[in-house]
**Q** 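Right, I'll just put the structure down here and ask away after.
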Protein chains: 2
Amino acid sequence: MTKKPTDGGRSYRVGSVSHALDLIDHVVSGPSSGLSLAELTALMELSKSSTYALARTLVDHGYLRGVGQPPRYQLGMALVRLGDRASSSIPLTDICRPVLVKLSQETGLTSRAAINDNGYPVFISRVDSPGPIRFYTPLGVREVPHTSSAGKAMLAMMPAERVRQIVAETGMAARTPKSITTIAELSADLDITRKRGFAIDDEEDDLGVFCIGAAFFRHGSEPAGAVSTTGIKQDRAARQIDVLGRSVQAAADEITQLLTGLERTDF
Amino acid sequence: MTKKPTDGGRSYRVGSVSHALDLIDHVVSGPSSGLSLAELTALMELSKSSTYALARTLVDHGYLRGVGQPPRYQLGMALVRLGDRASSSIPLTDICRPVLVKLSQETGLTSRAAINDNGYPVFISRVDSPGPIRFYTPLGVREVPHTSSAGKAMLAMMPAERVRQIVAETGMAARTPKSITTIAELSADLDITRKRGFAIDDEEDDLGVFCIGAAFFRHGSEPAGAVSTTGIKQDRAARQIDVLGRSVQAAADEITQLLTGLERTDF
DNA sequence: AAACACGTTCGGTATTACCGAACAGTGTTC
DNA sequence: GAACACTGTTCGGTAATACCGAACGTGTTT
């Protein structure tokens with residue numbers, strides 16, 4: 001008897017498509033060397049032959065590619081195109097990129113821009129630092145608001161009641177010993193953030209890593225998103241935080257200006 | 001009696017998944033404002049209710065999002081994440097990015113890197129010019145080799161027989177009046193390219209646009225890909241082409257060094 | 001209020017997605 | 001060198017379901 005454990009309701013969905021997208025998710029979460037059909041089958045709740053048919057279909061469309069013989073399934077080129085289009089379809093992406101480039105040059109760090117997705121920051125654009133240091137900073141995923149500088153920068157500009165509601169949804173799990181875990185601490189931090197003009201994540205999300213973030217706006221109400229810059233925690237950085245903060249703030253302000261200022265001058 | 005006119009074979013594929021991916025393709029090709037269900041139904045070879053079920057499934061997984069009421073379907077956030085992971089899973093992407101950043105700063109133009117996908121260039125990484133000029137340069141799509149500087153740069157480094165085979169596949173359609181359309185012209189151009197060290201696309205792909213490209217290598221055999229830089233054709237640019245060419249060449253050489261030189265020094 | 005658009009819901013049926021088992025390669029072990 | 005263990009691939013058969021067409025709401029236009 002087959003059942004769909006991930007499907008509570010009985011609404012209008014196509015099961016096999018769900019399976020296919022689950023399969024892609026498994027490949028995403030898997031090692032970059034890819035997954036074999038056998039490994040995929042173990043992860044899927046389907047038979048080997050069905051998994052095979054799904055994989056073949058996805059390969060046909062370029063969503064996956066089977067490298068080597070026997071094939072190991074990795075993400076395909078078509079997804080690069082889709083992701084590029086998807087992020088371009090968010091108008092913010094194009095607006096942010098040049099600002100981020102400048103910010104990365106100024107600070108020498110990796111900088112990113114997130115949009116406000118119902119209180120959660122979702123990073124949509126990233127410019128790596130000119131230096132050799134790289135961070136694992138995936139795009140397109142919802143981050144936890146209370147341990148990221150972008151999240152806190154946005155929260156600081158929202159009414160207290162809204163903040164309470166947002167963190168109630170996600171909880172306040174500690175990602176490191178330095179994470180903020182109570183609403184009281186958070187409010188205090190947000191107060192400081194508001195006065196200071198930018199948010200600081202001091203090893204609250206990853207040990208050894210700090211972030212500085214500032215929100216930007218579109219219509220004056222809730223923040224439209226935030227920019228942030230990320231670096232490794234070092235003694236020398238501590239003294240520069242004020243300088244970095246001002247750069248980040250300036251970048252956020254520039255984006256706000258671009259968003260609110262000239263609304264469609266060209267067409 | 002229903003039949004699938006686009007389906008000749010009877011191989012192991014999942015039809016509804018194909019339909020779903022086709023639906024995504026239509027959204028990609030559609031306007032950035034999105035498509036309504038009715039518009040999608042017109043494009044798909046399915047009934048309205050079936051298209052509806054597919055769209056809902058894709059929205060559930062974040063591949064699409066329905067904005068507004070009535071909903072217009074646009075590409076979803078999940079694709080940003082997938083695309084980011086997909087391009088990161090190509091080791092070249094990370095290697096190329098810092099080189100491209102430097103190249104863009106040097107030249108003041110948009111620069112890109114393509115991998116060699118069976119003779120076709122597929123651009124996987126892009127760094128926009130610091131200036132205000134933007135080009136429509138989508139990532140992840142197979143470009144035509146004979147009208148792009150990246151393509152010609154790669155072809156120039158392949159044996160003549162291989163070149164003949166590749167252009168036989170794609171044909172030599174003219175994209176502009178200045179496009180190369182015969183194999184003889186192409187060979188001559190490739191000879192010059194080889195001697196010069198970099199390829200030039202002088203309004204052969206788009207009028208008013210020039211590109212300069214150079215190939216990079218991994219194992220000494222066929223080129224692994226190419227970098228290129230793109231600008232608008234102007235008088236002053238003509239004199240600088242040699243300077244730009246050398247920058248592009250240097251960037252390609254740097255990538256070659258990174259690829260062939262230190263193979264896994266760290267782990 | 002009638003007409004039209006749109007998205008959504010509903011039964012019913014024929015299609016097909018799915019399974020389990022058999023087949024075919026490849027490298028390893030006895 | 002045969003048996004094994006492990007891949008990915010192919011094959012019928014059946015129960016599930018993807019699909020269709022029509023009906024239903026809801027909002028906008030005549």
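All chains are named by letter (A, B, ...) in the order of the sequence lines, taking the proteins before the strands, and each is independently numbered beginning at 1. Given the structure is predicted, the values throughout are model-derived calculations rather than measurements.
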**Q** Does the Lys NZ or Arg CZ of B/R56 fall within the cation-pi geometry relative to A/Y12 - under 6.0 Å from the ring centre and within 45° of the axis?
**A**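 Judged by the rule (NZ or CZ under 6.0 Å from the ring centre, within 45° of its axis), B/R56 is not positioned above A/Y12.
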**Q** Considering every strand and a 4.0 Å limit on heavy-atom distances, what is the contact class for B/S47: base, sugar-phosphate, or nothing?
**A**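 Base contact.
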**Q** Within the structure shown, what part of the strands sits under 4.0 Å from B/S49 by heavy-atom distance: base, sugar-phosphate, or nothing?
**A**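 Base contact - B/S49 has a heavy atom under 4.0 Å of at least one base atom.
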**Q** Counting distance alone, no hydrogens or angles: does the base of C/dG7 have a donor or acceptor under 3.5 Å from a partner atom on the side chain of B/S36?
**A**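 Flag unset: no donor-acceptor pair detected.
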**Q** Base, sugar-phosphate alone, or nothing: which one does B/R13 contact when heavy atoms must sit under 4.0 Å apart?
**A**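 Sugar-phosphate: the residue B/R13, judged by heavy atoms under 4.0 Å, touches backbone atoms but no base.
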**Q** Among B/E222, B/E169, B/R142, which one satisfies side chain to side chain contact (heavy atoms under 4.5 Å, CB included) with B/N118?
**A**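 It is B/R142, the one option of B/E222, B/E169, B/R142 that forms the side chain to side chain contact (heavy atoms under 4.5 Å, CB included) with B/N118.
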**Q** Report the distance from atom CG of A/L64 to atom P of D/dG8, rounded to the nearest whole Å.
**A**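 In whole Å, D/dG8 P and A/L64 CG are 14 Å from each other.
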**Q** Identify which nucleotide among C/dC6, D/dT7, D/dT10 has an atom closest to any side-chain atom of A/P70, counting heavy atoms from C-beta outward.
**A**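 For the A/P70 side chain, the nearest candidate turns out to be D/dT7.
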**Q** Heavy atoms from C-beta onward define the side chain here; which of D/dT7, D/dT9, C/dC19 lies closest to that of A/L46?
**A**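 Of D/dT7, D/dT9, C/dC19, C/dC19 is nearest to the side chain of A/L46.
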**Q** With distance as the sole test, does B/S50 use its side chain to make a donor-acceptor pair with the main-chain N or O of B/L46 at under 3.5 Å?
**A**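 Flag not set: sc B/S50 to bb B/L46 has no pair under 3.5 Å.
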**Q** Identify which nucleotide among D/dG21, C/dT8, C/dC18 has an atom closest to any side-chain atom of B/P71, counting heavy atoms from C-beta outward.
**A**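 So the side chain of B/P71 is nearest to C/dT8.
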**Q** Would you kindly give the NZ-to-P distance between A/K48 and D/dC6, to the nearest whole Å?
**A**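 Result: 12 Å.
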**Q** Rounding to a whole Å, what distance do you find between A/Y52:OH and D/dT9:P?
**A**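 It works out to 4 Å between those atoms.
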**Q** Starting the side chain at C-beta, find the nucleotide from C/dC18, D/dT10, C/dG7 nearest to A/S16.
**A**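 Of all the options, the side chain of A/S16 is nearest to C/dC18.
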**Q** Output the single nucleotide from D/dC19, D/dT7, C/dT8 whose closest atom is nearest the side chain of B/H19.
**A**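 Among D/dC19, D/dT7, C/dT8, the one nearest the side chain of B/H19 is D/dC19.
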**Q** In this structure, how many angstroms lie between the P atom of C/dC18 and the OH atom of B/Y12, rounded?
**A**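 So the two atoms are 15 Å apart, to the nearest Å.
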**Q** Round to a whole Å and report the spacing from CE of B/M44 to P of C/dG7.
**A**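 Distance, rounded to whole Å: 15 Å.
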**Q** Would you say CZ of A/R162 has more than 12 non-hydrogen atoms from neighbouring residues, nucleotides or ligands within 6.0 angstrom?
**A**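 Buried by this count: over 12 neighbours within 6.0 Å.
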**Q** Taking A/D25's backbone N and O only, do any of them form a donor-acceptor pair with A/S29's side chain (distance below 3.5 Å, no angle check)?
**A**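 Yes, the answer is positive, given that a donor and an acceptor are paired below the 3.5 Å cut-off.
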**Q** Roughly, in whole Å, what's the span from CG in A/L37 to P in C/dA24?
**A**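 After rounding, the reported distance stands at 18 Å.
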**Q** Considering heavy-atom distances to DNA chain D, does A/L35 or A/V14 have its closest nucleotide positioned more toward the 5' end?
**A**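 Result of the comparison: A/L35.
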**Q** Does D/dC20 have OP1 or OP2 sitting under 4.0 Å from an N or O in the side chain of B/S50?
**A**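 B/S50 to D/dC20 OP1/OP2: side-chain N or O found under 4.0 Å.
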**Q** B/L40 CG to C/dA5 C1': how many Å, rounded?
**A**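 Rounded to the whole Å, the gap is 17 Å.
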**Q** For B/Q69 and D/dT26, give me the distance from atom CD to atom P, rounded to whole Å.
**A**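 So the two atoms are 12 Å apart, to the nearest Å.
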